[in-house]
Amino acid sequence: MRLLVHNLLMCNKCDKNNYPLKIEVNKSVIMELEFKKDAILKLIPKLDFEVLSNTVRELGFKQFPKQIPPNVDQDLVFLKDLHRVLFETHIMDGQLTCPNPSCKRNYPITNGIPNMILTEDEQ
Amino acid sequence: MSRPESQLPPNLYYNQQESVKYTNCNRIINIQTQLSERAIQLLDLNPEESSLVLDIGCGSGISGFYLTQEGVNWVGLDISESMLNVAQQEKTEGELLLCDIGQGFKFRPGVFDAAISISVIQWLCVSFKKSENPYRRCTVFFESLRNCLKNNARAVFQFYPENNEQINMITSAALRAGFSGDIVVDYPNSAKAKKLYLVVQLGGQSSKKTMDVIQGLVEESDEEKVKVIGRQQKKIRKQKKQKKVNEKSKLWIVKRKEKQTRLGRKVKKTTKYTGRKRNNLGLFK
C-alpha cells in the first residue's frame with residue numbers, strides 16, 4: 001500500500017469520523033518509480049495535504065513540509081519528495097485502524113495489499 | 001462451457017491457478033486488452049483534467065496498465081487475493097485494495113474523475129450465500145460509487161449479463177443511485193464478438209429515467225470475414241472441377257469413346273469425320 005491510496009481511503013464500516021485511518025507499519029520498502037512531473041502536479045488538488053503531511057511525519061520523515069509551497073510547479077525538490085512519499089514508499093506489512101473510538105476496526109495489510117473485506121456480521 | 005458465475009464465488013473461482021492464466025494465456029490477455037482499450041475509448045478521458053480513476057475488479061492489472069498508459073493514476077479494487085498478488089508481482093503502477101464491491105467501499109467524497117470495470121459487475125447479480133442479496137449488493141455498489149465520483153464523472157462497465165433480468169437489475173440500480181446513461185452493444189449480430197458496455201454519467205443536465213440500448217461497433221469482425229472468403233473460394237474451386245463439357249460436341253464424343261474403350265467395348269477410330277456436322281437431307285427429324 002502506498003500513501004496515495006491511504007489519503008483517499010475511509011473506514012468501510014462506520015460513517016462518521018472514519019478518516020484518516022491510522023497506519024501501523026511492520027515492514028516497508030522503497031521501490032523506485034519514474035518521476036513524472038505532470039502526473040504529480042495533476043494529483044496535488046486531489047490530496048488532503050494536511051493528512052498526508054501528518055502521516056508522513058508520523059512515519060518518520062520529519063522534514064516533510066506542513067503546507068504545499070508556493071510556486072509548486074517549479075519546486076522540483078518538493079515534487080521529488082512528494083513523488084517518493086506517494087509512489088515509492090510501499091507499506092508491505094502492517095495494519096490500518098479506524099480513528100472512530102466506537103469502531104476502531106483493524107484492516108490488515110498483507111503483501112502490500114490492505115484487506116477491506118467486512119465479515120457478514122459487520123455489513 | 002458454463003459461465004464462471006454459476007460455478008463458484010469470484011474470490012474462489014479466481015484462485016492461484018486461474019490467476020496465473022491472466023499472466024500466461026495469450027488468448028485471455030488479448031480479449032481483456034481489447035475490452036480495456038474499448039472501455040477507455042468510451043470513457044473519453046480528458047488527459048488534462050483526469051488524474052484519478054477507479055478500476056472496479058482490476059484483477060491482475062491488465063486494464064490498469066492501459067490506464068497508466070493514458071497518464072492517469074488509478075486505484076484498483078478486487079475480491080481475489082490471488083489476482084491482486086499477480087498484479088503486485090507485475091509491478092502495476094496503480095494502488096491495489098482487497099475488497100468486495102457488493103459490500104460497498106468508502107473513499108473521500110468526489111475524489112475520482114472516472115471509473116472503469118472490465119468483465120466484473122455481472123458477479124453482483126449472483127449470490128452464493130443466503131446473506132447475499134443481489135438486488136441489495138447492486139444498490140450498495142452503485143451508491144458507493146456515486147459517493148466517491150466527482151460530479152459529471154463518467155463510468156464504463158464492460159460486463160457479461162446472463163439474461164435481461166441481470167441487465168435490468170444493474171441498470172435500475174445505477175439509475176436509482178443517480179446515474180444516467182445507455183448500454184452500448186458492439187457487434188450485435190455476432191454471438192462470439194458481441195460485447196456490452198454500460199456507459200453512465202453521474203448527474204448531468206438531463207437525467208433520463210431509463211437507459212437505452214444503442215449500437216456500438218458494427219463492422220464484420222475480421223475473423224468472420226476470413227471464414228466467409230474461405231467458404232466462397234472452396235465453392236469456386238469445386239465448380240471449376242465439375243465444369244461440364246458441351247453435349248454432342250467433338251470433345252464430348254471423344255471422351256465418350258475413351259470411356260467405352262476403357263470399358264473394353266469395340267469403338268470406331270477417331271477420324272477427321274468424328275463429330276462433323278451432317279446435313280440431314282430430311283431423313284432424321
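The chains referred to below are lettered A, B, ... by the order of the sequence lines, with proteins before strands, and numbering in each begins at 1. Scope of the values below: all heavy atoms of this structure, side chains included, with no hydrogens, waters or symmetry mates.
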With a 4.5 angstrom heavy-atom cut-off, is it the side chain or the backbone of [X] that approaches chain B, or both, or neither?
X        : result
A/Leu47  : backbone
A/Leu118 : both
A/Leu86  : backbone

On a heavy-atom basis, which atom in A/Ile117 and which in B/Cys99 lie closest, and how many Å separate them?
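For A/Ile117 and B/Cys99, the tightest heavy-atom pair comes out as CG1-CA, 3.7 Å.
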What are the two closest non-hydrogen atoms of A/Ile113 and B/Leu96, and how far apart are they?
CG2-O, 3.9 Å
Just grab all the side chain to side chain donor-acceptor pair (under 3.5 Å) pairs involving residues 158-170 of chain B, residues at least two apart or on different chains.
B/Ser119-B/Gln158
Could you list each donor and acceptor atom pair linking chain B to chain A at less than 3.5 Å?
{"residue": "B/Pro47", "atom": "O", "partner": "A/Lys42", "partner atom": "NZ", "Å": "2.8"}
{"residue": "B/Ser50", "atom": "O", "partner": "A/Lys42", "partner atom": "NZ", "Å": "3.0"}
{"residue": "B/Gly71", "atom": "O", "partner": "A/Lys42", "partner atom": "NZ", "Å": "3.2"}
{"residue": "B/Asn85", "atom": "OD1", "partner": "A/Asn111", "partner atom": "ND2", "Å": "2.8"}
{"residue": "B/Gln88", "atom": "NE2", "partner": "A/Asn111", "partner atom": "O", "Å": "2.5"}
{"residue": "B/Glu93", "atom": "O", "partner": "A/Arg2", "partner atom": "NH2", "Å": "2.9"}
{"residue": "B/Glu93", "atom": "OE1", "partner": "A/Lys36", "partner atom": "NZ", "Å": "3.4"}
{"residue": "B/Gly94", "atom": "O", "partner": "A/Arg2", "partner atom": "NH2", "Å": "2.9"}
{"residue": "B/Glu95", "atom": "OE1", "partner": "A/Arg2", "partner atom": "N", "Å": "3.4"}
{"residue": "B/Glu95", "atom": "OE2", "partner": "A/Arg2", "partner atom": "NE", "Å": "3.2"}
{"residue": "B/Leu98", "atom": "N", "partner": "A/Pro114", "partner atom": "O", "Å": "3.0"}
{"residue": "B/Leu98", "atom": "O", "partner": "A/Met116", "partner atom": "N", "Å": "2.7"}
{"residue": "B/Gln103", "atom": "OE1", "partner": "A/Leu118", "partner atom": "N", "Å": "2.9"}
{"residue": "B/Gln103", "atom": "NE2", "partner": "A/Leu118", "partner atom": "O", "Å": "2.8"}
{"residue": "B/Gly104", "atom": "O", "partner": "A/Asn12", "partner atom": "ND2", "Å": "3.3"}
{"residue": "B/Lys106", "atom": "O", "partner": "A/Met10", "partner atom": "N", "Å": "3.0"}
{"residue": "B/Lys106", "atom": "NZ", "partner": "A/Asn12", "partner atom": "O", "Å": "2.9"}
{"residue": "B/Arg108", "atom": "N", "partner": "A/Leu8", "partner atom": "O", "Å": "2.9"}
{"residue": "B/Arg108", "atom": "NE", "partner": "A/Asn7", "partner atom": "O", "Å": "2.9"}
{"residue": "B/Arg108", "atom": "NE", "partner": "A/Tyr19", "partner atom": "OH", "Å": "3.2"}
{"residue": "B/Arg108", "atom": "NH1", "partner": "A/Lys46", "partner atom": "O", "Å": "3.3"}
{"residue": "B/Arg108", "atom": "NH2", "partner": "A/Asn7", "partner atom": "O", "Å": "3.1"}
{"residue": "B/Arg108", "atom": "NH2", "partner": "A/Asn7", "partner atom": "OD1", "Å": "2.7"}
{"residue": "B/Arg108", "atom": "NH2", "partner": "A/Lys46", "partner atom": "O", "Å": "2.9"}
{"residue": "B/Val111", "atom": "O", "partner": "A/Lys46", "partner atom": "NZ", "Å": "2.9"}
{"residue": "B/Asp113", "atom": "OD1", "partner": "A/Lys46", "partner atom": "NZ", "Å": "2.6"}
{"residue": "B/Asp113", "atom": "OD2", "partner": "A/Lys46", "partner atom": "NZ", "Å": "3.4"}
{"residue": "B/Ser131", "atom": "OG", "partner": "A/Glu120", "partner atom": "OE1", "Å": "3.3"}

What part of B/Val75 gets within 4.5 angstrom of chain A, counting heavy atoms only: side chain, backbone, both, or neither?
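When you check distances to chain A, only side chain atoms of B/Val75 fall under 4.5 Å.
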